[in-house]
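When a ligand or atom number is given, it counts from 1 through the structure's own listing order. The basis for the numbers below is simple: all heavy atoms, side chains too, and nothing from hydrogens, waters or symmetry mates.
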Amino acid sequence: MDKLTIEGNIPLQGEVVISGAKNAVLPILASSILLDAPLILSNVPELRDVSTMIDVLRHMGAAVAKVNDAEFLIDPRRLNCFEAPYDLVKTMRASIVVLGPLLARYGQARVSLPGGCAIGSRPVDIHLKGLEAMGANIEVNEGYIHANAPKGLRGTHFVCDTVTVTGTANIMMAATLAMGETVIQHAACEPEIVDLAECLNRMGAKIVGAGTPTIIINGVTALSGGKHTVIADRIEAGTFLVAAAITRGKLTLNRVDAKALEAVIAKIQETGVTIESVNDMLIIDATERKTKAVDIKTSPHPGFPTDMQAQFMALNSVSSGVGTIIETIFENRFMHVPELHRMGADIRIDGHTAVCHGVDHLVGAPVMATDLRASASLVLAGLAARGKTMIDRIYHLDRGYEHIEKKLMQVGARIQRHH
Ligand code: EPZ
């Protein structure tokens with residue numbers, strides 16, 4: 001298993017280019033199942049999860065080819081198998097987003113029930129309820145979701161019990177080819193949902209309201225192909241903002257959308273660091289002073305994203321004062337804390353609340369990644385710590401960050417990957 005070693009306590013300086021968004025490209029790749037012609041996708045990040053989703057599409061018979069740097073052509077016209085098998089879904093539970101498209105386009109689907117993962121049980125009950133409300137027959141047995149809609153799907157008025165990002169994506173995609181109008185209420189407002197809707201509308205779908213809690217979709221009979229460029233990854237960008245803050249460096253992030261990062265930028269500014277937004281660049285300068293600890297409560301977009309919670313836990317650990325972090329989305333998303341303790345962090349957990357007392361500095365140590373964003377927080381802690389940090393099981397990191405050690409090396413980090 002690959003490991004990373006980091007010699008910490010070096011202020012990062014320089015420029016970073018942010019890659020395409022993992023959580024936008026995954027549902028957009030799945031949306032190609034709905035199309036009657038090829039989709040050309042640009043700004044596709046090179047991630048494990050992306051290659052897994054491509055494997056799922058190829059398993060179904062779609063042709064997927066890399067046509068250029070970060071550019072792929074997906075041709076769904078020879079798709080002839082309507083299942084997502086366990087051995088692929090178990091490595092990436094987001095594969096569940098092929099369910100809605102398969103049902104809408106082919107009237108049938110057999111998708112492995114995504115297991116839970118380290119951060120929580122991750123149920124998909126709302127996905128299934130939404131599709132049933134559109135007329136699908138759904139049975140779950142032997143670890144698989146068996147779904148069919150022999151008469152096609154029909155529009156419905158559906159209220160999500162909980163805000164669910166991939167649930168909203170699944171129902172919205174299914175509704176594009178359903179008969180009549182679908183209204184999704186209490187929908188996820190994440191920028192990745194907006195990007196998916198923009199891509200679908202470019203293919204001929206009729207979606208309004210994406211990015212708001214109420215999305216209205218009028219079904220059409222077919223969707224064409226076309227081109228789309230994936231939005232920048234706001235969580236990768238947020239992670240690099242914290243990297244600058246935690247090492248008291250100065251970074252310029254290129255190809256970012258500051259609007260998608262408002263809650264994160266506001267929190268970074270609350271630590272006392274200045275951030276300037278110029279066109280599609282963010283310039284962060286943390287060289288002035290030590291950061292102040294901040295209080296955080298995660299919530300659906302436009303609130304503070306749960307995917308940035310672990311990164312701010314690392315930052316709070318070496319900031320002055322006390323910061324309280326409340327995780328409201330997932331039931332077990334504090335697994336980075338015991339690893340940060342090994343590096344000298346003073347964090348006390350009480351249920352969904354973590355109270356961080358900033359220490360003067362962390363000390364490098366061997367630590368273990370447990371999930372994607374926990375591993376990001378360990379990298380950040382290692383960049384700030386005195387001495388050497390060794391991070392094991394970094395396959396978690398490779399799921400969501402494109403060449404992170406190369407990007408960090410380019411801005412002065414002493415970081416190495418060991419195979
Ligand atoms: C998406 O996961 C993201 N993944 C996650 O990013 C992100 O943390 C999460 O949204 C929240 O923003 C992708 O987009 C591929 P949810 P998703 O459905 O859609 C409950 C990362 O690090 N729920 O919005 O699976 C669920 O248990 C990953 O990039 C139900 O109860 O998350 C959770 O408590 C991690 N029933 C809450 O809703 C359902 O049917 C939010 O989950 C669905 C969800």
Side-chain angles (χ1 to χ4, degrees), residues 19-31 45 47-50 52-53 56 89 91-100 111 113-133 138 140 145 158-173 184 186-196 213 230-231 233-239 260 263-264 298-311 326-333 335-336 352 369-377 396-402 404:
S19 304
K22 167 174 88 78
N23 293 348
V25 75
L26 293 177
I28 290 173
L29 282 167
S31 74
L47 302 170
R48 280 166 59 99
D49 277 4
V50 169
T52 303
M53 183 59 88
V56 171
V89 175
T91 62
M92 185 193 59
R93 47 179 315 289
S95 317
I96 186 75
V97 294
V98 303
L99 179 61
V111 176
L113 202 55
C117 73
I119 64 177
S121 58
R122 316 289 293 271
V124 290
D125 55 310
I126 301 172
H127 297 240
L128 304 186
K129 269 190 216 143
L131 295 170
E132 280 172 334
I138 294 186
V140 178
I145 300 163
F158 184 72
V159 185
C160 297
D161 294 343
T162 315
V163 172
T164 161
V165 176
T166 48
T168 300
N170 240 335
I171 298 163
M172 184 171 77
M173 286 193 280
I184 306 172
H186 202 209
C189 303
E190 270 67 8
E192 291 75 29
I193 294 292
V194 175
D195 199 32
L196 173 62
V230 178
I231 54 168
D233 193 314
R234 62 195 168 101
I235 304 300
E236 183 195 16
T239 305
V264 173
T298 63
S299 62
H301 194 80
F304 187 91
T306 173
D307 292 351
M308 282 300 303
Q309 176 258 108
Q311 297 89 318
I326 302 172
E327 172 56 62
T328 70
I329 307 289
F330 291 112
E331 59 264 34
N332 185 30
R333 205 168 196 179
M335 278 170 307
H336 37 290
H352 288 255
T370 49
D371 59 86
L372 170 54
R373 305 305 171 179
S375 26
S377 96
H396 291 290
L397 200 59
D398 296 333
R399 297 190 48 186
Y401 290 94
E402 183 181 60
I404 190 163

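Interface atoms of ligand 1 facing R373, defined by a heavy-atom separation under 4.0 Å, are 21 (C), 22 (O), 29 (O). Ligand-side atoms of ligand 1 in range of V165: 1 (C), 10 (O), 12 (O), 16 (P), 18 (O), 19 (O), 24 (O), range being under 4.0 angstrom from any heavy atom. In summary, the atoms of ligand 1 found under 4.0 Å from a heavy atom of R122, numbered by their order in the structure, are 2 (O), 17 (P), 25 (O). The ligand atoms of ligand 1 that sit less than 4.0 angstrom from a heavy atom of H127 are 40 (O). Close approach of ligand 1 to T306 is summarised as follows: ligand atoms under 4.0 Å from at least one heavy atom of the residue are 8 (O), 11 (C), 12 (O). Residue contact check: A94 has heavy atoms under 4.0 Å from atoms 15 (C) of ligand 1. Of all atoms in ligand 1, listed by their number and element, those nearer than 4.0 Å to a heavy atom of V163 are 24 (O), 38 (O), 41 (C). Near V124, the atoms of ligand 1 lying under 4.0 angstrom from a non-hydrogen atom of the residue are 39 (C), 40 (O).
In this structure, D161 has no heavy atom closer than 4.0 Å to ligand 1. For R333, the heavy-atom gap to ligand 1 drops under 4.0 angstrom. At least one heavy atom of P123 sits less than 4.0 Å from an atom of ligand 1. Within the 4.0 Å heavy-atom cutoff, R93 counts among the residues contacting ligand 1.
At under 3.5 Å, not a single nitrogen or oxygen of L372, backbone or side chain, sits near a nitrogen or oxygen of ligand 1. Between D125 and ligand 1, a contact under 3.5 Å exists for at least one N or O pair. For a threshold of 3.5 Å applied to N or O pairs, the pair formed by G167 and ligand 1 contains no separation below that value.
Contacts between T162 and ligand 1, counted as non-hydrogen atom pairs separated by less than 4.0 Å, involve the side chain only. Neither the backbone nor the side chain of E192 has any atom closer than 4.0 Å to an atom of ligand 1 (non-hydrogen atoms only). Within the 4.0 Å heavy-atom criterion, the part of D307 lying near ligand 1 is the side chain and not the backbone.
Counting only heavy atoms from C-beta outward, the side chains of R122 and F330 approach each other to under 4.5 Å. Here the side chains of P27 and L196 are in contact, with some heavy-atom distance below 4.5 Å. Within the 4.5 Å cutoff, side-chain heavy atoms of I184 are placed close to those of C160. Residues S31 and M173 meet the side-chain proximity criterion, which asks for heavy atoms closer than 4.5 Å. Looking at Y401 and R373, their side chains come closer than 4.5 Å, going by heavy atoms from C-beta outward.
When only non-hydrogen protein atoms are considered, atom 19 (O) of ligand 1 lies nearest to T166 OG1, 2.6 Å. Protein heavy atom in closest approach to atom 34 (O) of ligand 1: I329 O, 2.6 Å. In terms of protein heavy-atom proximity, atom 32 (O) of ligand 1 is nearest to F330 CZ, 3.9 Å. With hydrogens left out, the protein atom closest to atom 40 (O) of ligand 1 is I126 N, 2.8 Å, a heavy atom. Among protein heavy atoms, the minimum distance from atom 18 (O) of ligand 1 is reached at T164 OG1, 2.7 Å. N23 OD1, 3.3 Å is the protein heavy atom nearest to atom 15 (C) of ligand 1.
Of the possible polar contacts, none joining the T52 side chain to the M92 backbone as a donor-acceptor pair under 3.5 Å is found.
Using a 4.0 Å cut-off between a side-chain N of Lys or Arg and a carboxylate O of Asp or Glu, R399 and D49 qualify as a salt bridge. Between R333 and D307 there is a salt bridge, since a side-chain N of the basic residue sits under 4.0 Å from a carboxylate O of the acidic one. Using a 4.0 Å cut-off between a side-chain N of Lys or Arg and a carboxylate O of Asp or Glu, R234 and E192 qualify as a salt bridge.
A donor-acceptor contact closer than 3.5 angstrom is absent between the side chains of E132 and H127.
Here the options are V97, V140, L99, V56, the test is side-chain contact (heavy atoms from CB on, under 4.5 Å), and the partner is V111; only L99 passes.
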Would you please test V124 and L113 for side-chain contact (heavy atoms from CB on, under 4.5 Å) and show each step?
CA-CA 8 Å; V124 290; L113 202 55; 3.9 Å; yes

Walk me through it: do D161 and K129 pass the test side-chain contact (heavy atoms from CB on, under 4.5 Å)?
CA-CA 10 Å; D161 294 343; K129 269 190 216 143; 3.1 Å; yes

Please test F304 against I326 for side-chain contact (heavy atoms from CB on, under 4.5 Å), starting from the C-alpha separation and ending with a verdict.
CA-CA 11 Å; F304 187 91; I326 302 172; over 6 Å; no

